[in-house]
Participant: 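There's a structure below that I have some questions on.
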Amino acid sequence: MTHLSLWWDTLPDDLTSPLGSTLDRDISCDVAIVGAGYTGLWTAYYLQAVDPSLRIAIIEAEHAGFGASGRNGGWASALFPVSLPVLARHSSRDAAIRQHRAMIASLDEIDRVRQAERWSFDWARGGTVVAARTPVQLLALRDEVETARTWGFDDADLRLLSAHETRDHVNTTDVLGGTFTPHCASINPARLVRSLALSVTQRGASLYEHTPATSIEPGIVRTLRGDVRAPVVVRATEGYTRSLTGMTRDIAPVYSMMLATAPLPPEVWDQIGLRNRETFSDARHLIIYGQRTADGRLAFGGRGAPYYFGSRITPDQDRDRTVHAQLWRTLVDLFPVLAGHEVSYAWGGPLGVARDWWASCGYDKPSGIAWAGGYVGDGVTTTNLAGRTLAHLITGTDSDLASLPWVGHRSRLWEPEPMRWLGANLALRMASGADASEDRTGRRSRRAQLMSRLTGG
Ligand SMILES: Cc1cc2nc3c(=O)[nH]c(=O)nc-3n(C[C@H](O)[C@H](O)[C@H](O)COP(=O)(O)OP(=O)(O)OC[C@H]3O[C@@H](n4cnc5c(N)ncnc54)[C@H](O)[C@@H]3O)c2cc1C
């Protein structure tokens with residue numbers, strides 16, 4: 001389980017010891033959960049909280065935390081992949097606002113659990129600073145803040161920063177201004193997912209690792225090593241969903257790549273900033289994200305890796321020389337003081353994207369099948385909301401969460417290949433093309449508007 005990410009390689013021993021066994025026979029239980037990432041494990045955690053007597057089996061193809069949950073950028077943000085106007089079009093203005101407010105509350109909930117359980121995953125609630133480094137980016141950030149105001153989000157949620165204030169948070173080159181939101185914490189993602197796995201297994205959930213499920217059907221999960229019978233089955237497979245029979249077109253795996261420096265000396269941090277371990281980005285279209293880790297490294301990631309034909313996922317795709325080299329050039333462009341420093345880790349992994357870019361969760365009572373996923377790159381906090389919501393739906397607990405607009409949303413299927421490959425890669429190309437065209441023309445790119453239509457935004 002080493003070399004999956006910086007986070008895995010620096011885990012303490014108590015979080016790396018094996019927690020499960022391999023399934024070797026047919027079993028039955030009350031709830032079978034497929035996938036031991038945040039989604040599956042938070043669902044188990046809250047099911048145990050509502051009804052400690054439930055017999056829960058978690059079926060995992062590799063080991064708990066193997067997927068995006070053990071490899072991500074560690075932004076526990078309140079970002080939700082579906083915008084307020086799109087949510088409102090499908091529900092109501094109030095429901096859309098409740099969905100985004102529920103994300104902020106989920107961040108508080110993770111903090112509450114962290115303290116109650118005494119988990120240590122390097123939590124630092126420093127907020128997020130986004131820098132505008134071109135006039136077009138500055139206009140885009142101003143628009144974003146103005147739009148937030150029309151939806152009732154005020155300075156306490158998102159505020160504009162002057163160039164000076166932005167640099168005070170993060171001293172990148174070419175800063176013209178920025179935004180700040182307090183609704184984000186930097187975390188060590190693998191520590192969170194392993195703490196969750198440890199906790200749910202200690203409370204009695206059975207974890208079956210190295211046990212790939214081949215299909216999910218009402219009342220049964222089929223694996224190569226035996227069947228798991230349960231009246232409730234939860235799909236929590238995110239970017240890997242295509243491994244289940246009949247589900248190749250539900251969720252597309254899109255890669256995000258990361259790198260991390262060695263621990264940097266204090267004089268370098270004096271120049272970069274991020275004193276409160278704020279997460280940071282800039283306002284380009286092709287997403288980048290970074291954090292100052294608890295042990296003083298800069299962990300930095302971005303999109304740009306291609307979508308692979310047939311939704312292929314292989315270990316060699318976790319590293320992409322071209323994208324990692326581009327990420328390093330971007331990082332040195334942001335912080336020239338890093339030139340000559342060392343990249344200690346480079347990794348990546350697949351996140352999950354539904355055709356209409358919606359995250360969703362739900363429980364179909366007649367079939368007993370529940371699901372959650374499609375978080376795009378915003379799953380760290382959203383999975384907590386998903387886990388709580390699924391636990392309430394499955395146990396029939398009265399809950400406000402059940403009426404949030406993402407609950408029960410069904411995304412349409414992705415196109416068959418080769419259309420899926422063409423469409424997904426076109427959207428990725430448009431994002432980088434839009435940045436280049438804005439740099440050249442100084443105007444908001446029409447490609448960006450088209451891309452937003454393609455991605456359902
Ligand atoms: C590089 C990267 C950076 C990211 N950065 C951020 C960030 O900073 N902030 C943020 O909010 N989000 C981020 N994300 C997204 C976030 O990590 C995910 O949305 C979140 O971890 C999803 O959790 P999950 O449990 O649904 O999926 P996963 O963690 O991917 O877990 C799915 C699990 O299911 C298992 N599985 C799949 N198929 C089967 C099967 N057939 N049988 C048995 N088991 C199966 C897999 O092995 C895996 O362990 C990032 C993602 C990546 C890849």
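Side chains are part of it too, since the values below use all heavy atoms of this structure and drop only hydrogens, waters and symmetry mates. In each ligand, atom 1 is the first atom listed, and ligand 1 is the first ligand listed. Nothing fancy with the numbering, it's 1 onward along the sequence.
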Participant: Could you point out which residue of Phe280, Trp269, Trp328 forms a ring pair (Phe, Tyr, Trp, His ring centres under 6.0 Å) with Phe335?
Facilitator: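 So, applying the ring pair (Phe, Tyr, Trp, His ring centres under 6.0 Å) to Phe335 and each of Phe280, Trp269, Trp328, only Phe280 qualifies.
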Participant: Of the protein's non-hydrogen atoms, which lies at the shortest distance from atom 28 (P) of ligand 1, and what is that distance?
Facilitator: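 Result for atom 28 (P) of ligand 1: Ala68 N, 3.7 Å.
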Participant: Using a 4.0 Å heavy-atom cut-off, which part of Thr39 comes near ligand 1: side chain, backbone, both, or neither?
Facilitator: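 Both parts.
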Participant: Please check if the number of heavy atoms outside Asp316 that lie under 6.0 Å from its CG is greater than 12.
Facilitator: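 Result for CG/Asp316: enclosed.
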Participant: Tell me which part of Ala236 gets within contact of ligand 1: side chain, backbone, both or neither, using heavy atoms under 4.0 Å.
Facilitator: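 Under 4.0 Å from ligand 1, Ala236 contributes backbone atoms alone.
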Participant: Between Thr223 and ligand 1, which residue portion shows a heavy-atom distance shorter than 4.0 Å: side chain, backbone, both, or neither?
Facilitator: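 The answer is neither; Thr223 stays 4.0 Å or more away.
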Participant: Where is the nearest protein heavy atom to atom 4 (C) of ligand 1: which residue, which atom, and how far?
Facilitator: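 Protein heavy atom at minimum distance: Asn72 CB, 3.1 Å.
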Participant: Using heavy atoms and a threshold below 4.0 Å, how should the contact between Glu60 and ligand 1 be classified: side chain, backbone, both, or neither?
Facilitator: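 Answer for Glu60: both.
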Participant: How does Trp347 reach ligand 1, if at all, at less than 4.0 Å between non-hydrogen atoms: by side chain, backbone, both, or neither?
Facilitator: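 Contact part for Trp347 vs ligand 1: neither.
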Participant: Could you go through residues 341-354 and list every donor-acceptor pair under 3.5 Å that involves a side-chain atom there, pairing it with any protein atom two or more places apart or in another chain?
Facilitator:
from: Ser344; atom 1: OG; to: Ala262; atom 2: N; distance (Å): 3.1
from: Trp347; atom 1: NE1; to: Arg71; atom 2: O; distance (Å): 2.7

Participant: Only pairs at least two apart or in different chains count here, so list each salt bridge (Lys or Arg N to Asp or Glu O under 4.0 Å) that has a residue in residues 197-225.
Facilitator: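 Pairs touching residues 197-225 that pass the test: Glu117-Arg203, Glu217-Arg222, Arg222-Asp227.
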Participant: Would you kindly specify which portion of Tyr375 sits under 4.0 Å from ligand 1, judged on non-hydrogen atoms: side chain, backbone, both or neither?
Facilitator: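 It is the side chain that touches ligand 1; the backbone stays farther off.
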Participant: Using a 4.0 Å heavy-atom threshold (strictly under), name the region of Pro212 that reaches ligand 1: side chain, backbone, both or neither.
Facilitator: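 For Pro212, only backbone atoms sit under 4.0 Å from ligand 1.
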Participant: Backbone, side chain, both or neither: what part of Thr279 comes under 4.0 angstrom of ligand 1, heavy atoms only?
Facilitator: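 Neither; nothing of Thr279 gets under 4.0 Å from ligand 1.
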